[in-house]
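Just below is one structure, and these are the notes that go with it.
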Protein chains: 2
Amino acid sequence: MDHQEKKQKRWSLEDVRQYLAEHGLRASIYRLKIFEFLINERTHPTAEEIYNRLKKEMPALSPATVYNTLRLFLEKKIIQLVNVEKNEGRYDATLSWHGHLKCLACGRVFDLHIETLKLSGLEGFEIFEKHLNLRGLCPECLKAKKYDKEGKHG
Amino acid sequence: MDHQEKKQKRWSLEDVRQYLAEHGLRASIYRLKIFEFLINERTHPTAEEIYNRLKKEMPALSPATVYNTLRLFLEKKIIQLVNVEKNEGRYDATLSWHGHLKCLACGRVFDLHIETLKLSGLEGFEIFEKHLNLRGLCPECLKAKKYDKEGKHG
DNA sequence: TTATTAATTTATAACGATTACAATATAATA
DNA sequence: TATTATATTGTAATCGTTATAAATTAATAA
């Protein structure tokens, strides 16, 4: 089984409620739903994608709330920013060490298992975050020849 | 000697002119100077930093030219985008495989030597670009205690 | 050299993602 | 229930960047 397809336990809203509480956050319905979407769907959505998805079931939701909530989650360090495309913030609630690969044809962002990473020359530095971002084509799009490599640079 | 201090050959303007020509680019003075700045100074500057630096010797330079030229260099794949901070494009004319570390106190971006990187689960994917971005503190700022770790998230 | 054409640069407007702000609504506490 | 704090909203503002059209400069042809 490919790691991308690996099943992870699905979080219930109650799980999310507890997790937010543990991090000192009150669990409003928007916070619950936004975090639940991130942790269960794992599609690394943009703020806009989260907004479009959640307003279907909660029409009163405002884009500002999505942005505010994501910023709050980042500050509390319960989600991470995925910076694999310029001017396109994506968000990931899985904090374990892994990389990201964006398919330049379909736009999807895949999780990536990192076997080993060895750096040198970092004596005296302190590291808070490590991000490994790849860009290329997923097998589907590669087969469908959906992309012209000589096209625009992201 | 630390890798950050390693000396690289300095490019003359004539070197740059030839390099641009090899990549099908006419060598205007702005293109020469922008590329020369990137390749010789290796500070991974933003467009604004390039503009501020070069307008000192070339007062007619416009920000639009800097943006246009950087975009052109990216399209021709003679520079790479360094995406270590959201909403802050930085540029690097060194294309050999290396990582970047941004010091969150002084804002400088350091080059990083990568000994090994082993990934798995990429069967069927095609990879165009790999980016390794770290965030933390450089030795100088660490010693000077210039940063409050509980501060804002980038 | 001059005329013509193409490429580059400029100033400015427009853009898209995000943040700031002030007003309103909701929730917690007294 | 009254009071206070927190969360959410709609909208304006901001920031980095891109688009556009005019002006400048360079290359080529006459």
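Values reported hereafter were calculated over all heavy atoms of this structure, with side chains retained and with hydrogens, waters and symmetry mates removed. Labels below follow one simple rule: chain letters A, B, ... track the order of the sequence lines, proteins then strands, and each chain is numbered from 1.
The closest side-chain heavy-atom distance from B:H100 to B:Q80 is below 4.5 Å.
One interatomic measurement links the two molecules: CD of A:E75 to P of D:dA7, which rounds to 12 Å at whole-angstrom precision. To the nearest angstrom, P of C:dT19 lies 12 Å from CG of A:N87. In this structure, CZ of A:R90 is placed 11 Å from P of C:dA17, rounded to the nearest angstrom. In this entry the distance linking CG of B:L72 with P of D:dA19 reads 14 Å, nearest Å. Rounded to whole angstrom, the span from the NZ atom of B:K86 across to the P atom of D:dT14 amounts to 18 Å. The CG atom of B:N68 sits 18 Å away from the P atom of D:dA23 (whole-angstrom rounding). If you take CG of A:L25 and P of C:dA27, they are 17 Å apart, rounded to a whole angstrom. Distance A:N83 CG to C:dT18 P: 10 Å, rounded to the nearest Å.
Contact check of residues 28-43 of chain A against DNA chain D (heavy atom, cut-off under 4.0 Å) returns A:S28, A:Y30, A:R31. Residues of residues 44-61 of chain B having a heavy atom closer than 4.0 Å to DNA chain C, listed by number: B:A60, B:L61.
Within a 6.0 Å radius of NZ in B:K9, other residues, nucleotides and ligands contribute more than 12 heavy atoms. By the 6.0 Å contact criterion, NZ on A:K55 is enclosed, its count of non-hydrogen atoms from other residues, nucleotides or ligands being greater than 12.
A donor atom on one side chain and an acceptor atom on the other are not found under 3.5 Å apart for A:N133 and B:H131. In this structure, a donor-acceptor pair under 3.5 Å is absent between the side chains of B:E88 and B:T46.
Contact annotation: B:Y67 reaches the phosphate of D:dT17 (side-chain N/O to OP1 or OP2, under 4.0 Å). One finds a side-chain N or O of A:R71 lying less than 4.0 angstrom from the OP1 or OP2 phosphate oxygen of C:dA20.
In this structure, B:W11 and B:F35 have tilted ring planes: the angle between them lies in the 30° to 60° band.
Rounded to the nearest 0.5 Å, atoms SG (A:C103) and CD (A:E140) are 8.5 Å apart.
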Pair B:I39-B:Y19, side-chain contact (heavy atoms from CB on, under 4.5 Å): steps then yes or no: CA-CA 12 Å; B:I39 196 78; B:Y19 189 69; over 6 Å; no

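Residue pairs that meet the salt bridge (charged side-chain N to carboxylate O under 4.0 Å, His left out) test with at least one member in residues 39-51 of chain B, sequence neighbours left out, are B:R10-B:E41, B:E49-B:R90.
Of the listed nucleotides (D:dT17, C:dA11, D:dG10), C:dA11 has the atom at the smallest distance from the side chain of B:A64.
Toward the 5' end of DNA chain C, the nearer of the two residues B:R26 and B:V66, judged by each one's closest nucleotide, is B:R26.
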